[in-house]
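Chain identifiers are assigned alphabetically (A, B, ...) following the order of the sequence lines, protein sequences preceding nucleic acid strands; residue numbering begins at 1 within each chain. Owing to the predicted nature of the structure, the values given are computational and were not obtained by experimental measurement.
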2 protein chains.
Amino acid sequence: MSRSARSGTREEILDAASWLFAATGFKGTSLQDIAGAVGCSKAALLYHFDGKDAILAELLAPAVEAFETLDARLAALGDEAVRRAAVEGFVDLVMRFRREVTVLYGDLPDLLQRPAFAGVQEMTDRLLAALTGRSAEPAARAAALLVLGGVPVACMEPCGIGDDELRSALVRSAARALDPTGA
Amino acid sequence: MSRSARSGTREEILDAASWLFAATGFKGTSLQDIAGAVGCSKAALLYHFDGKDAILAELLAPAVEAFETLDARLAALGDEAVRRAAVEGFVDLVMRFRREVTVLYGDLPDLLQRPAFAGVQEMTDRLLAALTGRSAEPAARAAALLVLGGVPVACMEPCGIGDDELRSALVRSAARALDPTGA
DNA sequence: TCAGGGTTTGACCGATCGGACAGTTTTCCG
DNA sequence: CGGAAAACTGTCCGATCGGTCAAACCCTGA
């Protein structure tokens, strides 16, 4: 029961919260749940963070930042090189921030309507446009949307699926979205 | 304000609830939200249904039934015909019960852990096995999982994506999962 | 040793959740 | 018409939500 005061509690909270948010959703996870997973009291969470939303924001910050970096890199590329870069950049992003992306897209569209994440929505649209070669064809957009939708289940460790298999599946999935045949 | 007693209120409730559950999740939708969308009081919902869970159960019943039918049909097929039938059956199921499937897979894994839907979890596993040709290869399972994960976003009307585009995207997505190249 | 600040806790708050219940309105039918 | 059944509402309940606060804890440095 007793927890030694002073330690890396902040990191423990963020780690536990990321797992719980990814598994049961943001709204489906209570502060008590997080506190129980960490092994501290609910009040301790609110000492380290300004609230539940602040935990979420700090949790997603690195992923959002990586999203912005990718978005800026794509904007600096010529149209012909964009799609290839979009695929590998997107796959990299998903692999690195698996849990975060699961939380972000898993609670769509509720989460993206928050002012703090409104930019992610726009960046997702731009990524979608890049994946589909900026064509507004509904068929291509549908395919790309399906790819993005599959990402929230990217936490596949419990299913016995390793990093290599997940990465190759993501690459194939994303590559299919920009396959000109069948558009 | 006043609602005329006697009417198809049950259907109105189920329709409104399916939209709200798909959009904001089961846990993210309150009885007040549903009542507000229907235009009746919260107590009226509990007059027609035994509770929030009962609304969900009745909402998902047709989709679960269709799932069971597909599962039985696949079990009666020889292994060589299973995969082709699995793809078209799965796509048909998603197209017919778009909102229901979105609710069901969108609240994964919370929802599937309920005793009432435990069978769906097993059937999903069997469908996964059918899509991947019963091979336990992690790579193939990862690809199939991504396909299933993309389904919750299948409510694409707001994105201007019609039925034909969605269907073809689903077929291509599912077909990729059983593509022997790259397994 | 002891003061002081960072850390943690239990108790508590208002709001909202799903749900229960009695009473009122509306529809149906003899 | 009039009364029974169906449909619906307002109100209340206990539990839980996110969040606050004062008191207690523990580690550190003078």
Check your understanding: Looking only at atom types and distance, does a side-chain atom of A:D15 sit under 3.5 Å from a main-chain N or O of A:E12, one as donor and one as acceptor?
Key -> no
Judged by nearest nucleotide, the residue sitting upstream toward the 5' end of DNA chain D, A:Q32 or A:A43, is A:Q32
A:K27 versus B:K27: any side-chain heavy-atom pair under 4.5 Å? no
Exercise for review: Examine D:dC17: is either OP1 or OP2 under 4.0 Å from a nitrogen or oxygen in the side chain of A:S30? Give yes or no.
Suggested key: yes
Whole-Å distance, B:L31 CG to D:dA15 P, equals 18 Å
Compare all side-chain heavy atoms of A:M95 with those of A:V91 and state whether any distance is below 4.5 angstrom. yes
Determine yes or no for a side-chain-to-main-chain donor-acceptor pair under 3.5 angstrom, with A:K42 supplying the side chain and A:S30 the backbone. no
The correct set of residues in residues 47-57 of chain A placing a heavy atom under 4.0 Å from DNA chain C is A:Y47, A:H48
note: B:L46, atom CG; D:dC12, atom C1'; distance rounded to Å ~ 14 Å
note: B:E11, atom CD; D:dA7, atom P; distance rounded to Å ~ 11 Å
Rounded to whole Å, CD1 of A:I34 lies from P of D:dG19 at a distance of 10 Å
C:dT8, OP1 or OP2 - any side-chain N/O from A:T9 closer than 4.0 Å? yes
When rounded to whole Å, the NZ to C1' distance for the pair A:K42 and C:dT7 reads 18 Å
Per side-chain contact (heavy atoms from CB on, under 4.5 Å), A:F21 is matched among A:L60, A:T102, A:L56 by A:L56
B:I13 atom CD1 is separated from C:dG18 atom P, nearest whole Å, by 14 Å
(request) Measure the shortest side-chain to side-chain distance between B:L74 and B:R126 over non-hydrogen atoms and say whether it is less than 4.5 angstrom. (result) no
